[in-house]
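Inspection log for the structure reproduced underneath, given as structure tokens.
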Amino acid sequence: MIDIQLLESTLDAQQCISFVHSNDAGGIDVFIGTVRNATKGKPVLRLEFEAYEPMAIAEMRKIAEQAIEKFGVKKIALHHRTGILEIGEAAVIIAVSAPHRAAAFDACRYCIDTLKEAVPIWKKEIFEDGEVWVAAHP
Amino acid sequence: MIDIQLLESTLDAQQCISFVHSNDAGGIDVFIGTVRNATKGKPVLRLEFEAYEPMAIAEMRKIAEQAIEKFGVKKIALHHRTGILEIGEAAVIIAVSAPHRAAAFDACRYCIDTLKEAVPIWKKEIFEDGEVWVAAHP
Amino acid sequence: MMKISLLSFGIAKDIIGHRFLDLELPAAASVGDLRSMLVQRFPRLSDLASVRLAVNGEYASEYLPLDENDEVALIPPVSGG
Amino acid sequence: MMKISLLSFGIAKDIIGHRFLDLELPAAASVGDLRSMLVQRFPRLSDLASVRLAVNGEYASEYLPLDENDEVALIPPVSGG
């Protein structure tokens with residue numbers, strides 16, 4: 001079972017955990033990516049996330065399906081924010097339940113690693129003196 | 001910073017996440033170990049955890065200190081239940097924050113793997129027809 | 001000739017100047033043909049670490065022929081998570 | 001002779017029959033000596049996958065000499081988490 005959401009409002013870890021919780025799964029791994037207050041030592045004021053929404057949702061679903069197939073995990077919740085995020089807010093939450101913990105860890109890591117490569121979502125860092133689309137240039 | 005707790009009441013993932021949350025950490029990994037409804041296909045009614053409390057707390061603290069040292073993570077919360085647990089309840093919650101996600105995953109996994117080897121806590125599985133101390137016999 | 005819709009995101013949108021752009025392409029133009037045309041018209045696209053093209057919501061190879069009314073998205077380096 | 005307190009947990013408590021047991025040991029007895037004595041008196045301890053001994057809350061080597069009033073814990077295979 002898979003729960004994919006792209007949300008303009010605050011992400012809720014407990015909601016992701018409740019979705020994946022299962023009486024026949026012994027381990028849940030949760031990854032939360034939060035907005036850091038600095039990049040390479042330079043203070044960040046806030047972030048803005050833009051998404052190609054239908055494709056982002058489809059790609060997140062593919063990743064979750066691959067993770068279930070690859071690692072034999074039970075349930076995955078994958079929530080990503082869009083819009084303006086303040087420092088400390090969660091940009092992404094991934095929760096995975098599995099019968100045993102190794103699969104939960106591996107699948108959760110696979111999801112975040114693959115999301116960062118494949119899902120059409122873009123992060124703009126807003127500094128005191130300007131804005132930068134992250135990773136745009138070599 | 002380290003938060004170690006051995007609790008007779010329900011564990012709270014959000015409390016662990018809030019403890020490790022930090023504006024200069026970009027990644028949080030959380031592991032939740034929950035009570036499964038069966039062991040090797042045999043239905044489990046509930047679990048009971050017994051702890052050598054002062055030593056369990058000291059060993060959990062050592063593990064967290066080692067993880068901070070080894071993986072350069074920022075904060076760790078490590079909460080473990082004692083007493084009677086119903087199916088689906090959380091037996092352990094470990095939350096780790098780090099500047100980057102790889103360290104958070106590695107440290108969280110290190111904590112749960114080492115906890116299972118070193119911390120003096122014992123799990124009794126209660127079945128319809130009897131009780132078994134887990135892993136006691138070869 | 002055929003008409004396709006171009007969607008641009010992130011820095012690509014800043015370079016193209018529009019989120020949505022309707023383009024006329026020679027019939028049977030491929031994804032690669034569209035890429036060449038865009039790079040010629042918007043040379044700053046070449047400065048990016050990568051630009052992938054998605055056709056109707058799927059990453060597409062350079063050889064894929066485009067069809068009338070396809071929705072093509074310009075995908076600069078993604079940075080979600 | 002010296003007196004030590006033995007704490008037993010999990011299956012070890014079931015085998016020993018008591019959570020707390022005061023024992024008289026020869027002066028200068030080591031952790032290993034205590035282990036031998038316990039295994040002799042409670043042979044079912046030998047059936048366990050492992051038994052570690054902790055002295056005053058720390059895992060101890062077999063060679064550690066015990067002291068008067070030490071708290072020794074019998075640690076059968078742990079199964080937390």
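Numbers restart at 1 for each chain; the letters A, B, ... are given by sequence-line order, proteins then strands. Computed over heavy atoms, backbone and side chain alike; hydrogens, waters and symmetry mates excluded.
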Apply side chain to side chain contact (heavy atoms under 4.5 Å, CB included) to A/R101 and B/D113, showing your working.
-> CA-CA 10 Å; A/R101 70 186 185 281; B/D113 289 351; 2.8 Å; yes

CZ-NE2 distance between B/R36 and A/H100, expressed to the nearest 0.5 angstrom = 4.5 Å

Once you round to the nearest 0.5 Å, how far does CG of A/D106 lie from CZ of B/F105?
->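 Answer for the CG-CZ pair, A/D106 versus B/F105, is 9.5 Å.
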
Validation row: B/R109, A/D29 side chains within 4.5 angstrom (heavy atoms) = no

For chain A, find which of B/I94, B/D24, B/I17, B/V92 contributes the most heavy-atom pairs closer than 4.5 angstrom.
->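 Top count of heavy-atom pairs under 4.5 Å with chain A: B/D24.
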
Flag the one option from B/A25, B/A38, B/G33 with the top tally of heavy-atom pairs under 4.5 Å to chain A.
->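 Top option by heavy-atom pairs under 4.5 Å: B/A25.
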
Are the side chain of A/T34 and the backbone of B/N23 linked by a donor-acceptor contact shorter than 3.5 Å?
-> no

Largest heavy-atom contact set with chain B, pairs under 4.5 Å, which of [options]:
| options | value |
| --- | --- |
| A/I87, A/I112, A/N37, A/V35 | A/N37 |
| A/P99, A/S22, A/A13 | A/P99 |
| A/G88, A/A102, A/G26 | A/G26 |

